[in-house]
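The first residue in the sequence is number 1, and the count goes up from there.
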Amino acid sequence: MAQTKFDKQVEETAESLMFGIGRFLAGHPMDGEKKTDATFWRPGTRVLPKVEGHVSRSSYRAGWQRLTFRMSFLSAAAGGGWWTWENQETARGLIEHRDATLQALQTGGIGVASAAAAGSLVYGLLTRERRELMREWVVPLHQALAQPLAIAEQTDPRRYLHVPKNFSDDDAQIRVDLPVSLRFSRDLVADLITQKLALEGVTFSWHPAGRKPYLLVKKTRRPPKKAAFKDAKVRELVAKAPESAPVIGIGTGSQVVSVDLDAESPHILVNASTGGGKSVTLRCITCQMLHHGAQAYVLDYKRISHLWARGIPAVTYCADLADIHDALIELGWEGRRRVRVADELGIDADLDAIGPRLLILLEEVNATMKQLARYWERTRESGDPKVSPAIDALNEILYMGRQVRMHVLLVAQSATARALGGPEVREQFATRILARYSMNAWRMLAPEVHPAPKSTKHHGRAQVVIGGSARETQVLFFTETEAREWATTGKTAADAKPAALPTQPGPVQLQKPPADSPVDAWNTTVAPAALDPAPAAPDPGDGAPSVPATSPANPAPADDDQAVGLREAHERHLPDITVAALRYARANDRTFPKPVGKRGAELLYRVGDLKRWARNRPRAAIGTTDLD
């Protein structure tokens, strides 16, 4: 029998009623259209794609919340009906007293209306700041982030943007719930947040793991404007710092920023443009290490970067390319000796038994490395390796690690892989200090930190990157007088001796390694006994001549061991320096060589010492890097 139109209507009505009851009990929207990502147990945070029109607040509620509200409404309606049926007789009596009832209803209505008006006014006043926050800041931020985060514009911004009213205050925290897909640019999102909320000095903490990824934006206190060593509190912090962890500066919230050379990073890279405070940063670290008994090699191609360190007994200052070249080779020998000693002593060895802590300050690596390579090209002989042995020695020191207590403090205007000798060499610097940097420099040296903090021209302000996080820091400022005073007190004042590395007995010539052996550009043919330290040279103050170590690559000529007076030194060995200049330097320059003897009333000096002093004496900064 054919189904009539009435039967179809009854069937459709019954089906709709059953679906309605099912949606009602399941907590689903009654119209059957799901508009948000809400589930039965979890509230919604954003509107689903391709949803048009207004989305009510109830669409964001979890299913159990909607079901609870519906059941409460039905219970209230049923209770009201039952109460009305039970009080029919009372209702008939009220009808009989209509005038009194109307008067009571009128009075009650006025009271209810007044209370509602007062409540609305109070609610409006209490929520005024919140509504202004939504109108001026949250909604515009939502409109900017909707497309990058792939969020529908109909989404209620309060569902995923948690912006407090005091978001511009110090220590305020903003939370942004992120989509699970994470298909967005972190840099773009961070840039939009800082621009739309007019934020400065904030940090971004990304938490992409799990089904509820989110971003925390924190506004932190800036470091102090100045951190001078003359301040009593700063001086106390420096005095309390451990021997292996010099204080770099003061960070946000007055927190001390330091690096442990034994536990975190044996080497430090300082990258900054001109005027970024590279030498000030190294001065801060070096004088603290010297205070605790360390020794330092200052390889200063500019000659005048660390005048405060000249003449300090524990410092060897090399400014001439030849001396920098020889010093690096000697430091390479010392590193190998320390590795052998550490191996013999075992894992429980006392670090002091390996040797004093050695700092190697390499200034302006961009120019120095280039000139070292060119210097070797001009001086090497047939059969010598093509790669400069000084550069190979530096690379080997970087790979030796913290066990040998040798630390490289490297300064560069642009620490490219080419300038340092390869990307693997740059990775040896776990601690990187950047100041007045470009975005390219940040992406090159600290790509793991997103987004890159904005560079500032504030004097002494730098970003210290350790362990994948950047800390804005006000670097401690030591004047040259303060740095020299601090470096020459403490352990160095009592028991420091001039920094001297083990010498190689006799002239040792660099030789080309055999074809079947690993390439080692600075390997030399030397007896095993040569690895042991040579006896310390007698102190010139005792009347015995002081004979500095000769370089294994450049043995001293025979006349360098002669003892001559200043006039004879000018006439035969230093014609470019007048006798008057030599006498003035003897009286005023701390680095002038000590006399090795007397001839009547005339003081005698070793020729090699005078030549080394002449090469490394302080002069005006060089204006070219061309050896020619």
Side-chain angles (χ1 to χ4, degrees), residues 145 148-149 170-176 178 182-195 197 199-209 213-223 248-253 255-261 263-273 276-278 281 285 409-417 419-420 423-458 460-475:
L145 292 177
L149 295 180
D170 290 339
D171 298 328
Q173 180 173 293
I174 302 170
R175 175 179 173 129
V176 180
L178 303 173
L182 300 178
R183 296 175 182 174
F184 55 85
S185 170
R186 290 189 177 186
D187 292 339
L188 176 59
V189 171
D191 187 55
L192 290 174
I193 293 174
T194 54
Q195 290 187 30
L197 298 183
L199 298 175
E200 292 184 1
V202 295
T203 59
F204 293 85
S205 178
W206 300 87
H207 301 270
Y214 64 94
L215 162 66
L216 288 181
V217 184
K218 298 180 181 179
K219 193 175 191 303
T220 57
R221 295 185 180 92
R222 304 296 295 274
I248 299 177
I250 308 299
T252 58
Q255 295 182 348
V256 177
V257 179
S258 62
V259 55
D260 194 331
L261 299 176
E264 296 176 333
S265 170
H267 312 300
I268 300 176
L269 171 64
V270 180
N271 186 93
S273 60
K278 300 184 293 293
T281 304
I285 299 174
L409 277 63
L410 188 144
V411 178
Q413 290 192 10
S414 179
T416 61
L420 300 181
E424 64 280 357
V425 176
R426 190 170 59 196
E427 292 303 316
Q428 303 307 311
F429 296 93
T431 298
R432 303 170 183 183
I433 304 175
L434 293 88
R436 295 193 182 183
Y437 48 85
S438 63
M439 287 297 101
N440 288 335
W442 185 271
R443 296 189 187 100
M444 176 177 59
L445 296 177
E448 68 276 13
V449 180
H450 295 282
K454 185 178 180 181
S455 179
T456 176
K457 293 185 178 181
H458 184 86
R461 190 64 54 84
Q463 294 286 345
V464 180
V465 182
I466 304 176
S469 62
R471 302 178 66 181
E472 187 176 9
T473 305
Q474 184 67 28
V475 178

With a 4.5 Å cut-off on side-chain heavy atoms, are [Y] and [X] touching?
X: P223; Y: T252; value: yes
X: F429; Y: L445; value: no
X: I174; Y: L199; value: yes
X: L215; Y: I193; value: yes

Between [atom1] on residue [X] and [atom2] on residue [Y], distance to nearest 0.5 Å:
X: L409; Y: L261; atom1: CG; atom2: CG; answer: 7.5 Å
X: R471; Y: T203; atom1: CZ; atom2: OG1; answer: 12.0 Å
X: Q474; Y: R461; atom1: CD; atom2: CZ; answer: 4.5 Å
X: E427; Y: L269; atom1: CD; atom2: CG; answer: 10.5 Å
X: I285; Y: T431; atom1: CD1; atom2: OG1; answer: 9.0 Å
X: K278; Y: N271; atom1: NZ; atom2: CG; answer: 8.5 Å

Note to self: Under the rule for side-chain hydrogen bond (donor to acceptor under 3.5 Å, both in side chains), what residues qualify as partners of Q428, not counting sequence neighbours?
What the structure shows: none
Margin query: According to side-chain hydrogen bond (donor to acceptor under 3.5 Å, both in side chains), who are the partners of D187, at least two apart in sequence or on a separate chain?
Written below: none
Next item on the list: Could you tell me which residues satisfy ring-ring contact (aromatic ring centres under 6.0 Å, His included) with H207, sequence neighbours excluded, listed by chain and number?
Entry: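 So H207 forms a ring-ring contact (aromatic ring centres under 6.0 Å, His included) with Y214.
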Of all heavy-atom pairs between [X] and [Y], which one has the smallest distance, and what is that distance?
X: P213; Y: L182; value: CB-CD2, 4.1 Å
X: P453; Y: W442; value: CD-CZ2, 3.3 Å
X: A435; Y: G276; value: CB-O, 3.6 Å
X: P148; Y: L192; value: CG-CD1, 3.7 Å
X: L216; Y: Q173; value: CD2-NE2, 3.6 Å
X: A462; Y: V475; value: CB-CG2, 4.1 Å

Checklist line | Residues W206, V189; criterion side-chain contact (heavy atoms from CB on, under 4.5 Å); working and verdict | finding: CA-CA 11 Å; W206 300 87; V189 171; 4.2 Å; yes
Margin query: Please evaluate residues V465 and E448 with respect to the criterion side-chain contact (heavy atoms from CB on, under 4.5 Å), reporting the C-alpha separation (whole Å), side-chain torsions for both, the decisive distance (0.1 Å), and the verdict.
Written below: CA-CA 10 Å; V465 182; E448 68 276 13; 3.8 Å; yes
Check: Is a donor on one side and an acceptor on the other found under 3.5 Å between the side chain of S273 and the backbone of R436?
Finding: yes
Margin query: If we check side chain to side chain contact (heavy atoms under 4.5 Å, CB included) with V464, which of these qualifies: V259, T473, L434?
Written below: T473
Check: Charged N to carboxylate O under 4.0 angstrom, E264 versus R432?
Finding: no
Note to self: What verdict does the side-chain contact (heavy atoms from CB on, under 4.5 Å) test give for I268 and T281, after you've listed the backbone C-alpha separation in whole Å, the side-chain angles of each residue and the deciding distance to 0.1 Å?
What the structure shows: CA-CA 11 Å; I268 300 176; T281 304; over 6 Å; no
